[in-house]
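What follows is one structure encoded as C-alpha cells, with my remarks underneath.
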Amino acid sequence: MNRLWSEMTRRTEPYIPGEQLNRPEIIKLNTNENPYPPSPRTGEAIQREIGRLQLYPSPTADGLCQAIAERENLPADHVFVANGSDEVLAFSFMAFFDPGQTIRFPDISYSFYPVYSKLFNIPYEEVPLRESFTLNLDGFAQAEGGIILPNPNAPTGIYESLDGIREILEANPDRPVIIDEAYIDFAGPSAAVLIGEYDNLLVTRTTSKSRSLAGLRVGYALGHPGLIEALVRIKDSFNSYTLDRLAQAGAEAAFRDETYFRETTKRIVQTRNRAVEQLGALGFRVLPSSANFLFCTHPEADAEKLCEKLKGRGILVRHFSKPRIQDYLRITVGTDEQMDRLSKVLSEILCK
Ligand SMILES: Cc1ncc(COP(=O)(O)O)c(C=O)c1O
C-alpha cells in the first residue's frame with residue numbers, strides 16, 4: 001500500500017493468473033491453452049501485416065468482425081472485439097453493471113468476476129452450485145443488477161443446456177445476462193442462437209482456447225446491436241485501438257480457416273475422452289467435462305500436494321485453494337502424448 005494510491009487501487013484484489021513457465025521441457029496443463037499451434041493462415045496473415053505496422057489499426061476491426069459475423073450467421077453490428085475476452089468482460093462490467101445493484105454469478109466460476117466487481121464497485125452475490133456442481137437455476141431468478149456465468153462453467157467444465165440458459169433469460173427480461181462461452185467450442189450448442197429472441201443476452205468468447213491464439217489476445221462478444229453499442233462506447237472512452245494490426249489480421253485468418261479449427265477441436269475432444277478413462281483407471285473422480293480441461297479429485301491424495309509433486313516432475317496443473325474445490329485439480333487437455341505422460345507420472349506418484 002502506498003499513500004499515493006487511489007481508492008480504486010486500494011480496494012482492488014488482482015486476479016492471479018496461472019503460472020507461465022514456458023520452458024520447452026515443461027508439460028503445461030495449467031492455463032487451458034491449446035496444445036496445437038494456430039492455423040498456418042494466421043502466421044501468413046501476420047507476416048503480410050508487418051509491413052503496415054507504421055499505420056494505426058482499424059479502431060472498429062471491421063475485417064475481423066465481418067469474419068466472426070459470417071461464421072456465426074449474425075450481422076456484423078452484433079459483434080464486438082477486444083484484447084482477450086478478459087477485456088471484453090471488463091468492458092461489459094463497465095457497460096452493463098451499476099454500483100449499488102447486486103449482480104449474481106455462481107460461487108464456483110471464473111475467478112476474474114469478483115475481481116472486476118471489486119474494481120468497479122459492483123456488489124455481488126455468489127449463487128451456490130448444487131452438490132453435483134451443476135447450476136442452481138432458481139438462484140438466478142430476478143437478479144437485481146444482472147448475471148454473469150461461464151458455460152461450460154470454469155473450473156468445473158460442466159455444460160448447462162440451452163433450456164437452462166433460456167430459463168435464466170426468461171426470469172430476467174430487463175437485466176443484462178452475460179454468458180461467458182470461453183470453452184463453448186468443446187461443448188454443446190451456443191447461447192448465440194438465442195440472441196435474436198433476447199436483447200438482454202450478451203455472449204462472450206475467446207480465441208485463446210479453441211483457436212490456439214492465447215498469445216495474440218483476441219476476445220469477442222455477440223449480442224443485440226444495443227449491447228454492442230454500449231461496449232463500443234466504453235472501449236472508445238478507454239482506448240480506441242485495443243486490438244493491434246497483427247491481432248486483427250491473425251485472428252481474422254483463423255476465423256476463415258474452419259477446417260483447421262474443426263480438426264484441432266475434434267482432436268482435443270477425443271483426447272479429453274481418452275484422458276477421462278486414464279484418470280478414472282487411476283482412481284480419480286472426474287466431473288463430466290464439456291471443455292478443454294478436466295476437473296478431478298482423488299479419494300486418497302491431497303490435491304495441493306499432488307499439484308506440487310507433478311510440478312516437481314515437470315507437469316503443471318492448476319489447484320485452487322478455495323472452499324468446496326480444494327480437493328480438486330484442473331487439468332488442461334493436451335496432446336495424447338502429454339496426457340499419456342501425465343497418466344504415467346500420476347501412477348508413479350500415487351503408488352509411492
Ligand atoms: C471462463 C473464462 N472466461 C474468460 C477467460 C479469458 O480468456 P482470454 O484469454 O480471452 O482473456 C478465461 C481464461 O482462462 C476463462 O476461463
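No hydrogens, no waters, no symmetry mates; every other heavy atom, side chains included, goes into these values. One-based numbering, in listed order, for ligands and for the atoms of each.
- Of the candidates Thr206, Thr204, Asn153, Thr206 brings a heavy atom nearest to atom 10 (O) of ligand 1.
- Numbered from 1 in the order shown, with element, the atoms of ligand 1 that lie under 4.0 Å from a heavy atom of Gly84 read 10 (O), 11 (O).
- Across all their heavy atoms, Thr264 and Ser210 have their closest contact at OG1-O, 4.4 Å.
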Would you mind writing out the side-chain donor-acceptor pairs for residues 36-45 within the sub-3.5 Å range, not counting sequence neighbours?
from	atom 1	to	atom 2	distance (Å)
Ser39	OG	Arg41	N	3.0
Ser39	OG	Asp257	OD2	2.7
Arg41	NH1	Arg256	O	2.9
Thr42	OG1	Gly250	O	3.1

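- At a threshold of 4.0 Å, the pair Lys209-Glu181 does not count as salt-bridged, since none of the basic side-chain nitrogens sits closer than that to a carboxylate oxygen.
- Salt bridge annotation for Asp340-Arg274: present, with a cationic side-chain nitrogen under 4.0 angstrom from a carboxylate oxygen.
- Counting heavy atoms under 4.0 Å from ligand 1, residue Ser85 touches it through both backbone and side chain.
- Here the side chain of Asp199 pairs no donor or acceptor atom with the backbone of His224 at under 3.5 angstrom.
- At a heavy-atom cutoff of 4.0 Å, ligand 1 is contacted by the side chain of Asp180 but not by its backbone.
- For atom 11 (O) of ligand 1, the nearest protein heavy atom (residue, atom name, distance) is Arg217 NH2, 2.8 Å.
- Nearest to atom 6 (C) of ligand 1 by heavy-atom distance, out of Asn151, Thr31, Asn83, Asp86, is Asp86.
- Ionic pairing of Arg52 and Glu49 is present here: one or more N-O contacts between side-chain nitrogen and carboxylate oxygen are shorter than 4.0 angstrom.
- Between Arg104 and Glu144 no salt bridge is recorded (no basic side-chain N to carboxylate O distance below 4.0 Å).
- Lys209 NZ, 3.3 Å is the protein heavy atom nearest to atom 13 (C) of ligand 1.
- Not one N or O on the side chain of Tyr328 forms a donor-acceptor pair closer than 3.5 Å with the backbone of Leu287.
- At a 4.0 Å heavy-atom cut-off, ligand 1 does not touch Glu87 at all.
- Residue Tyr183 places a heavy atom under 4.0 Å from ligand 1.
- The atoms of ligand 1 that sit less than 4.0 Å from any heavy atom of Ser208 are 8 (P), 9 (O), 10 (O).
- Assignment of Ala182 to the shell around ligand 1 is supported, since a heavy atom sits closer than 4.0 Å.
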